[in-house]
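Take a look at the structure below.
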Amino acid sequence: MRKAIETLKNIWKIEDLRQRILITILFVAIYRFGSYVVLPGINPAMLAKLHEQTSEGLLALLNMFSGGAFSNASIFALGIMPYISASIVIQLLGIAVPYFQKLQREGESGRRKMNQYTRYLTIAILLVQAPSYLLNLKMQAGPSLNASLDWTLFMVTSTIILAAGSMFILWLGERITDKGIGNGISFIILIGIIARFPDALLQEVVSRVANKSGGLIMFIIEIVFLLLVIGAAILLVQGTRKIPVQYAKRIVGNKQYGGARQYIPLKVNAAGVMPIIFAQAIMFIPITFIGFSNVNNAGGFLHAFTDHTSFWYNFVFAVMIILFTYFYTAITINPTQMAEDMKRNNGFIPGIKPGKKTAEYIDDIMSRITLPGSFFLALVAIMPAFAGIFGVQAGFAQFFGGTSLLILVGVVLDTLQQVESHLLMRHYDGLLKSGRIKGRAGVAAY
């Protein structure tokens, strides 16, 4: 306890870190306030059916990412997910389309152009999703609309408001990245997830006690299992395979450089949470095509992909995560470049020839560690479905794995690592008594 208090005092002493934390809190408060600002012309007291619709299924997950704004019919109802979907499309184009490949090689100017294209595509997605959301709102919460409201005018103005709301959230995320602490877009998603946790926890307690389905004993078992899953997720995020690298000795003047052995840490889950976000965004596509209002009425094969507890949904979801893990690892880890940089700096892996052999060795190790990492990532992702089988409430089950847990663990670790780096840079103790917090490279790609 004394160590924690001393650490907080040290954080407060660092002016730059203090300002960044306060700015982050301010932007988060603005985001949470906007989540309760209802669209003009809607009576928030009449949204019971919309709350019921978003209490389970895939829409519950979408509501979680928006921090409850989806079920509140707020100006931030569509959240940040349209931007994430657009980012995924642009990254895929960077693999398949020569023009975007050229932009990727142009450095900062190319990155700015790709960001601009991502924003344009985000607006296009919003102009499709917003009318679909409003039609669903009319179906589920018709009485909440003002009787004298002109529906056509309401559709046009509300579409503009919803699109502007999502773009404003994007702006908030970028400001958090520039002037706050942590990665802004990921932090926005994290806040939305955390905002749903107290209500989900309370509902689970009430359910266990009221329905006499195991009572408090079963609830305690759930909490213990949740802590174990969180521990496993931390191991997945921080697990590394160290490759020894020996650097040749160089004498410059009277000084000797090199000669020391270092290590290249290759992460078991180098892709981080991105494969789940990629897969999740694609799994939202059926909802966009059939419309939010028809999710519960979808039949047959399509219904399986709107029910996140169904076998086929989780099977396809897991396969996509495994494939995306390999895909994202391949585009973020370049063994050839690593081998060239190592050779340029007179470094070599003991027992491996420099150059092509080194690149093949690194690529072989990445393939070996990515396989179990991708399977474990997929298992964590579909864990909420297993929790639902054992009677855990849908809202609380989302915290037993999946996107919400990995984003929560990854973003928190990355943010704490940034705080710790500020402390160590100014010669204060870190956040831990021993060792250091290892943030994961590429926690967020946005």
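- For the atom pair Gln116 CD and Thr118 OG1, the distance stands at 9.0 Å (nearest 0.5 Å).
- Counting heavy atoms from C-beta on, the side chains of Ile333 and Met338 come closer than 4.5 Å.
- Residue Arg20 comes nearest to Gly180 through the heavy atom pair NH1-O, 2.8 Å, listed as atom of the first residue, atom of the second, then distance.
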Practice prompt. Start with the C-alpha gap between Ile362 and Ile349, add the side-chain angles, then the distance that decides, and say whether side-chain contact (heavy atoms from CB on, under 4.5 Å) holds.
Written response: CA-CA 10 Å; Ile362 295 174; Ile349 298 173; 4.2 Å; yes
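- For the atom pair CG (Asn115) and NZ (Lys113), the distance works out to 12.5 Å, reported to the nearest 0.5 Å.
- With sequence neighbours excluded, the residues that form a side-chain contact (heavy atoms from CB on, under 4.5 Å) with Thr415 are Ile181, Phe187, Val411.
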Which side-chain N or O atoms in residues 192-204 pair as donor and acceptor under 3.5 Å with protein atoms at least two apart or in another chain?
from   : atom 1 : to     : atom 2 : distance (Å)
Asp199 : OD2    : Gln203 : NE2    : 3.1
Glu204 : OE1    : Gln393 : N      : 2.9
Glu204 : OE2    : Arg208 : NE     : 3.1

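- Counted within 6.0 Å of CZ on Phe225, heavy atoms from surrounding residues, nucleotides or ligands total 12 or fewer; the atom is thus considered open.
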Identify every side-chain donor-acceptor pair in residues 158-171 under 3.5 Å, counting partners at least two apart or on other chains, and give the distances.
from   : atom 1 : to     : atom 2 : distance (Å)
Ser158 : OG     : Phe154 : O      : 2.9
Thr159 : OG1    : Met155 : O      : 2.6
Ser166 : OG     : Gly79  : O      : 2.9

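- Arg175 pairs with exactly one of Thr177, Asp178, Leu172 by the side chain to side chain contact (heavy atoms under 4.5 Å, CB included) rule, that one being Asp178.
- Expressed to the nearest 0.5 Å, how far CG of Asn334 lies from OG1 of Thr329 amounts to 13.0 Å.
- Put simply, the residue from Val380, Asp414, Ile234 that forms a side chain to side chain contact (heavy atoms under 4.5 Å, CB included) with Val409 is Ile234.
- Ring-plane geometry between Tyr31 and Phe76 is classed as parallel, the angle between the planes falling under 30 degrees on a 0 to 90 degree scale with a further cut at 60.
- Within the model, atoms OG1 of Thr122 and CD of Gln129 stand 10.0 Å from one another, a figure rounded to the nearest 0.5 Å.
- Applying the ring pair (Phe, Tyr, Trp, His ring centres under 6.0 Å) test to Phe100 and every residue at least two apart in sequence or in another chain returns Tyr117.
- Here the CD1 atom belonging to Ile188 is positioned 4.0 Å from the CD1 atom belonging to Ile176, to the nearest 0.5 angstrom.
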Practice prompt. Please lay out, stage by stage, how Ile189 and Ile84 fare under the test side-chain contact (heavy atoms from CB on, under 4.5 Å).
Written response: CA-CA 11 Å; Ile189 300 175; Ile84 293 175; 3.3 Å; yes
Fill in: side-chain contact (heavy atoms from CB on, under 4.5 Å) between Leu22 and Leu26, intermediate numbers included
CA-CA 6 Å; Leu22 291 176; Leu26 173 63; over 6 Å; no
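- One distance of note links CD of Glu174 with OH of Tyr83; it measures 6.0 Å at 0.5 Å rounding.
- The backbone N or O of Lys242 lies less than 3.5 Å from no partner atom in the side chain of Thr240, so there is not a single donor-acceptor pair.
- By the ring pair (Phe, Tyr, Trp, His ring centres under 6.0 Å) test, Phe27 pairs with no residue at all, sequence neighbours left out.
- Scanning both residues, Ala339 and Ala359, for their nearest heavy atoms gives CB-N, 3.8 Å.
- Within the 4.5 Å cutoff, side-chain heavy atoms of Leu134 are placed close to those of Leu39.
- Screening residues 353-365 for side chain to side chain donor-acceptor pair (under 3.5 Å) gives Asp364-Arg368 as the qualifying pairs, with residues at least two apart or on separate chains.
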Practice prompt. Just do the ring pair (Phe, Tyr, Trp, His ring centres under 6.0 Å) check on Tyr313 and Phe317 with the steps written out, would you?
Written response: CA-CA 6 Å; Tyr313 174 90; Phe317 188 37; 5.7 Å; yes
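- Across all their heavy atoms, Ile321 and Ser374 have their closest contact at CG2-O, 4.5 Å.
- You'll find the side chain of Thr24 stays beyond 4.5 Å of the side chain of Ile21, heavy atoms only.
- The two residues Ser35 and Ser74 make their nearest non-hydrogen contact at O-CB, 3.1 Å.
- More than 12 heavy atoms of other residues, nucleotides or ligands lie within 6.0 Å of CZ in Phe376, so this atom counts as buried by the packing criterion.
- When every heavy atom of Pro244 is checked against every heavy atom of Pro350, the shortest pair comes out as O-CD, 3.5 Å.
- Nearest heavy-atom pair, Ile23 versus Lys179, reported as atom, atom and distance to 0.1 Å: CD1-O, 3.8 Å.
- A salt bridge does not link Lys343 with Glu340: none of the charged nitrogens is closer than 4.0 Å to a carboxylate oxygen.
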